[in-house]
Amino acid sequence: MNKKTNITIGSLFAGIGGIEQGFLDTKGYEVLWANEIDTRACKTYKNNFDHKLFEQDVKKLNTSLLQKIDVLTGGFPCQAFSIAGYQKGFRDERGNIFFEILRFLDELHPRIIFLENVKNLQNHDSGRTFSVVKHQLEDRGYHLKYKVLNSAEYGNIPQNRERIYIVGFRNKNEFNNFEFPQPIQLTKTIQDFLDSEAEDKYYYNDSKYYSQLKQEIKKTDTIYQLRRVYVRENKNKLCPTLTANMGTGGHNVPLIKDTRDIRKLTPRECARFQGFPDSFILDNSLPQSALYKQIGNSVSIPVISVMARQIKKAIYPL
């Protein structure tokens, strides 16, 4: 591949485009197409990207319609393997989506596969699930490297978000050249990502839990969570892992004390904790719960970017 030629990307399970944003933030990449089934996520996606988006079920996407690409990416549905979910794995329809990735590999033959999933994928079902993933990819000629990376250690983002990253290369030399990034110092704090105040709707002063929250939430330099019957302080001064259901109430809502009162994080603040720039368009015509879901389902963009740089180094070693 000529260094002047962009490395081309095709993306499955694109969500709102976090993986694509991470690769595009790294010079030398071009996204040719992406696929996403969720109509609300597609709306956000199209507000921010110009390349072709196939808005349909991945099972119905005809590969003959797709341009050949160098890298196939996918943050395939993780709920089936998540500790926070039911952990049904391949018995869950969302887990079975993995086998659709294999169809795209068989028909498009990308030189590189890049996958992101929850940390628990590696240990799910006593390691048997991950063994299937590995063997299926290796049987198709991919040499694999994988590692769990935390956003707080590799992305300079104060969010405790551990995800497994799987990179597969057809070319053995590129595989040998690839190295995972080294940890970097966390220099940013929670306050760097927060607004001093927010709209009224984000505050908890009308909540039935308000008196309890008022008693427990005293600090302004960390994030709390309401765990149904008690309030948890994140003493590591990191944002807890943002989840898809954090906008639905319950124990998944990250809470802070700002200069005004106690409130939950806004969608924009959550987007910052995933590494999205403020220029990234969040469609306020969508329900708040949908925005929280989109962001919680997304990825840590700075970690994706550093992985993209390492992949590029493997293709074009100095």
task: For the pair Phe175 and His143, name the ring-plane relationship: parallel under 30°, tilted 30 to 60°, perpendicular over 60°.
output: tilted
Which residues share a side-chain hydrogen bond (donor to acceptor under 3.5 Å, both in side chains) with Gln136, sequence neighbours left out: Arg140
side-chain hydrogen bond (donor to acceptor under 3.5 Å, both in side chains) involving Lys145 - partner list, sequence neighbours excluded: none
query: Of the options Phe114, Phe178, Phe130, which is the one that meets Tyr146 in a ring-ring contact (aromatic ring centres under 6.0 Å, His included)?
result: Phe130
message: If we ignore hydrogens and angles and just use 3.5 Å, is the side chain of Ser305 paired with the main-chain N or O of Gly22 as donor and acceptor?
response: yes
field: Glu36 side chain to Gly15 backbone, donor-acceptor under 3.5 Å
entry: yes
For [X], give me all partners under side chain to side chain contact (heavy atoms under 4.5 Å, CB included), at least two apart in sequence or on another chain.
X: Ile281; result: Asn47, Asn48
X: Gln159; result: Ile157, Arg161, Cys239, Thr241, Leu242, Phe273, Gln274
X: Pro183; result: Tyr154
X: Asn156; result: Ile184, Leu186, Thr187, Lys188

task: From the options Glu199, Glu269, Glu197, select the one residue that forms a salt bridge (charged side-chain N to carboxylate O under 4.0 Å, His left out) with Arg263.
output: Glu269
query: Hey, are Asp195 and Arg272 close enough for a salt bridge, meaning a charged N less than 4.0 Å from a carboxylate O?
result: yes
- prompt: Does a side-chain N-to-carboxylate-O contact under 4.0 Å join Glu116 and Arg163?
  reply: yes
message: Is the distance between the ring centroids of His51 and Tyr45 under 6.0 Å?
response: yes
- request: Step through it carefully: locate the ring centre of Tyr165, locate the ring centre of Phe180, and say whether they are under 6.0 Å apart.
  value: no
query: Is the count of non-hydrogen atoms from other residues, nucleotides or ligands lying under 6.0 Å from Lys313 atom NZ greater than 12?
result: no
query: More than 12 non-hydrogen atoms from neighbouring residues, nucleotides or ligands closer than 6.0 Å to NZ on Lys293, yes or no?
result: no
task: Quickly, which of Asp283, Asp38, Thr44 forms a side chain to side chain donor-acceptor pair (under 3.5 Å) with Gln294? Name it, please.
output: Thr44
